[in-house]
Amino acid sequence: MKAIICGAGIAGLTLAWHLERSGWDVELIERAPAFRDGGYMIDFYGPGLQVADRMGLGERLRALRYPVDELSYVDRDGRQTSHLTMPPGMQEVISVLRGDLARTLQDDIRSPVRHATSIDSVQQDSGGVTVQLTDGTRHRADLLVGADGAHSRVRELAFGEERSHLRYLGHQVAAYTVEDRRLSERIGMRYQMLTVPGLMAGAYALRGDQLALLFLRREPDPRIPGDPAASLRRHYRELGWILPEVLARCPNPPELYYDQVTQVEMERWSRGRVVLLGDACQAVSLFAGHGASMAMAAAWVLADELATRDDPVAAALRYQQRIQPTIAEVQRFGRRFIRWMAPAGRWQITARDWMLRLAALPGVSRMFVNSLSPGGHNLIRSSSEVASSHPA
């Protein structure tokens, strides 16, 4: 059996890893011109970490983790207004760069990745699927997997225009890194954030004197500005803290990541021998903060169904049945979390700061952190285990 996987991100690489070990021939294509290093920090835990441990990659990821143990809010002068120290023993949460996670996965697969390539057209018949790539070549497979993100080309070809599947959450996000030893040491190994109504700016230190910046802006218009760097400077330059320094060094795309904050909601995740995976069908958004974990869990479930069933079409349908309820739960969590991560008014910011102060009390912090954890912790069971827990 052969699979063409469009998208060499977390979901696509995890699926390739499992399919290779099930005897599949795997071809990976990726529209980015090269492997994408760096990226933003993710808190990796739950079902994704369970999958990584089953793959034998957990210890490598733990070695790459950043010892981020504090969430701190500051004012325009950099003075701390509230903070939360993570309780001891939170070793099940790994703070790791998205690029480090992707590199760990890619280094452990055999299938080559064809970069700077996407899909022009898809044709299906009873025996398989034929794709025409942007480099002019045609390829035949038993299954085409669209793991190419929230703006998926595979989804567009198989299911129609993008806007019918995206739920815009009223915010736009940006991220980039700068090299600055002084600022990196000043921020240290903690998340520091400044929040005013409608705007959030965050920073955290990385290895190699790097400083990662994250920006979140309330914006009712989903259209991306023509000059994202200029838009950031216009909205944030008067907020003080470290922002004047780092905004003066803001790069242009692609070094500057800039996008809508969206969720993807679809009634169907597959059409014949075309199936969607990861953010292409289940984007949970920055607010849920569980995207990489859910992507790896979904890839594991799809691989489990493909290994169990002879019919890829039936396997794709069963994969959606198993994981879609959890994705819907995590997406609901993300929508509720907006008011915490991006407060719309000053009274909401004040209420959040008081909640953090209360959470710092002895015995309360772990309870509070657990309340911020979305679901999905019972996903990683084989198809036979799932069947035995639901007897006919």
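This is a predicted model, so every value here is computed, not measured.
Qualifying salt bridge (Lys or Arg N to Asp or Glu O under 4.0 Å) partners for Arg140, counting only residues two or more places apart in sequence or in other chains: Asp125.
Linking Ile, Leu, Val, Met, Phe, Trp and Tyr residues whenever their side-chain heavy atoms come within less than 4.5 Å places Val96 and Met189 in a single cluster. No single ILVMFWY cluster, assembled from side-chain heavy atoms under 4.5 Å apart, contains both Leu199 and Tyr73. Linking Ile, Leu, Val, Met, Phe, Trp and Tyr whenever their side-chain heavy atoms come within less than 4.5 Å puts Leu71 and Ile94 in one cluster. Cluster membership check: Phe44 shares its hydrophobic cluster with Leu15, using side-chain heavy-atom separations under 4.5 Å among Ile, Leu, Val, Met, Phe, Trp and Tyr. Linking ILVMFWY side-chain heavy atoms closer than 4.5 Å, directly or via other members, places Tyr168 and Ile327 in two distinct hydrophobic clusters.
Between Arg21 and Asp108 there is a salt bridge, with a side-chain nitrogen of the basic residue lying less than 4.0 Å from a carboxylate oxygen of the acidic one. Between Arg322 and Glu305 there is a salt bridge, since a side-chain N of the basic residue sits under 4.0 Å from a carboxylate O of the acidic one. With respect to the salt-bridge test (charged N to carboxylate O, under 4.0 angstrom), the residues Glu59 and Arg65 do not qualify. Taking the charged nitrogens against the carboxylate oxygens, Arg223 and Asp221 do have a contact shorter than 4.0 Å, which makes a salt bridge. Under a 4.0 Å N-O distance rule, the pair Asp148/Arg155 does not qualify as a salt bridge.
Counting only residues at least two apart or in different chains, ring pair (Phe, Tyr, Trp, His ring centres under 6.0 Å) contacts with residues 250-281 comprise Trp269-Tyr319. For residues 211-244, the pairs satisfying ring pair (Phe, Tyr, Trp, His ring centres under 6.0 Å) are Tyr176-Phe215, Phe215-Tyr236, with sequence neighbours left out.
Considering every non-hydrogen atom in both Ala205 and Ile187, the closest pair reads N-CG2, 4.1 Å. Nearest heavy atom pair, residue Arg98 against residue Gly9, reads NH2-CA, 3.8 Å. Leu213 and Ala203 make their closest contact through CD1-CB, 3.8 Å (heavy atoms, listed as atom of the first residue, atom of the second, distance). Of all heavy-atom pairs spanning Leu243 and Leu239, the tightest one is CD1-CB, 3.7 Å. Across every non-hydrogen atom of Met41 and Tyr191, the tightest pair is CG-OH, 3.2 Å. In terms of heavy atoms, Asp77 sits closest to Asp75 at N-OD1, 2.9 Å.
A side-chain contact (heavy atoms from CB on, under 4.5 Å) with Leu57 is found for exactly one of Asp107, Leu105, Leu49, Val51, namely Leu105. In summary, of the residues considered (Tyr45, Phe333, Phe337), a ring-ring contact (aromatic ring centres under 6.0 Å, His included) with His290 occurs for Tyr45 alone. For the side-chain contact (heavy atoms from CB on, under 4.5 Å) criterion with Leu144, the lone passing option out of Ile5, Val275, Ile119 is Ile119.
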Apply side chain to side chain contact (heavy atoms under 4.5 Å, CB included) to Leu101 and Leu64, showing your working. CA-CA 9 Å; Leu101 173 57; Leu64 293 168; over 6 Å; no

Pair Met1-Leu143, side chain to side chain contact (heavy atoms under 4.5 Å, CB included): steps then yes or no: CA-CA 8 Å; Met1 300 283 275; Leu143 186 69; over 6 Å; no

For a salt bridge (Lys or Arg N to Asp or Glu O under 4.0 Å) check, start with the C-alpha distance between Glu156 and Arg153, then their side-chain angles and the critical distance, and finish with the verdict. CA-CA 5 Å; Glu156 179 185 21; Arg153 173 61 172 161; 3.0 Å; yes

Apply the test side chain to side chain contact (heavy atoms under 4.5 Å, CB included) to residues Arg268 and Leu276: give CA-CA distance (whole Å), side-chain angles for both, the deciding distance (0.1 Å), then the verdict. CA-CA 9 Å; Arg268 296 179 57 187; Leu276 301 177; over 6 Å; no

Using the rule given for salt bridge (Lys or Arg N to Asp or Glu O under 4.0 Å), can you reason through Asp53 versus Arg62, listing the C-alpha separation, both sets of side-chain angles and the distance that settles it, and then say yes or no? CA-CA 10 Å; Asp53 283 332; Arg62 289 177 176 89; 2.9 Å; yes

Output, in order, the C-alpha distance, side-chain angles, deciding distance and verdict of side chain to side chain contact (heavy atoms under 4.5 Å, CB included) for Arg138 and Gln123. CA-CA 11 Å; Arg138 292 172 66 86; Gln123 292 181 320; 3.5 Å; yes

Please test Arg114 against Glu30 for salt bridge (Lys or Arg N to Asp or Glu O under 4.0 Å), starting from the C-alpha separation and ending with a verdict. CA-CA 6 Å; Arg114 186 191 297 256; Glu30 168 58 48; over 6 Å; no

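Taking CG from Asp209 and CZ from Arg181, the interatomic distance works out to 4.5 Å, rounded to the nearest 0.5 Å. We find the CD-OG distance between Gln210 and Ser184 to be 8.0 Å, quoted to the nearest 0.5 Å. Put simply, CG on Leu157 and CZ on Arg271 are 12.0 Å apart, with the number rounded to the nearest 0.5 Å. To the nearest 0.5 Å, atom CZ of residue Arg31 and atom OG of residue Ser152 are 7.5 Å apart. The line from NE2 of His18 to CD1 of Ile109 is 11.5 Å long, rounded to the nearest 0.5 Å. How far OG of Ser293 is from CD1 of Ile42: 8.5 Å, rounded to the nearest 0.5 Å.
Using a distance-only test at 3.5 Å, with no hydrogens or angles considered, a donor-acceptor pair links the side chain of His115 to the main chain of Ala32. Judged by distance alone, with hydrogens and angles left aside, the side-chain atoms of Arg273 form a donor-acceptor pair with the main-chain N or O of Ser126 at under 3.5 Å. A donor-acceptor contact shorter than 3.5 Å is absent between the side chain of Asp43 and the backbone of Ser95. Side chain of Gln263 to main chain of Val284: a donor-acceptor pair is present (N/O by atom type, distance under 3.5 Å, no hydrogens or angles). Put simply, the side chain of Arg190 never gets that close to the backbone of Gln192: no donor and acceptor are under 3.5 Å apart. A distance-only check finds a donor-acceptor pair linking the side chain of Ser164 to the backbone of Glu161 [under 3.5 Å]. Panel note: side chain Glu265, backbone Arg167; no donor-acceptor pair is recorded below 3.5 Å. Within the 3.5 Å criterion, the main-chain N or O of Thr130 finds no donor-acceptor partner in the side chain of Gln124. The main-chain N or O of Asp304 is found under 3.5 Å from a side-chain atom of Thr308 such that the two form a donor-acceptor pair. Between the side chain of Gln132 and the backbone N or O of His139, no donor-acceptor pair lies under 3.5 Å.
The shortest side-chain heavy-atom distance between Ile4 and Val145 does not fall under the 4.5 Å cut-off. For the pair Val246/Leu183, a side-chain contact is recorded, criterion being any heavy-atom separation below 4.5 Å from C-beta on. In this structure the side chain of Leu306 never reaches within 4.5 angstrom of the side chain of Ser22, judged on heavy atoms. Side chains of Met294 and Pro47 form a contact here, defined as non-hydrogen atoms less than 4.5 Å apart. With contacts defined as side-chain heavy-atom distances shorter than 4.5 Å, the pair Val122/Val129 qualifies. For the pair Pro225 and Gln172, the minimum side-chain heavy-atom distance is below 4.5 Å.
Heavy atoms from other residues, nucleotides or ligands lying under 6.0 Å from CZ of Arg218 number 12 at most.
Between the side chains of Asp259 and His151, at least one donor N or O sits under 3.5 Å from an acceptor N or O.
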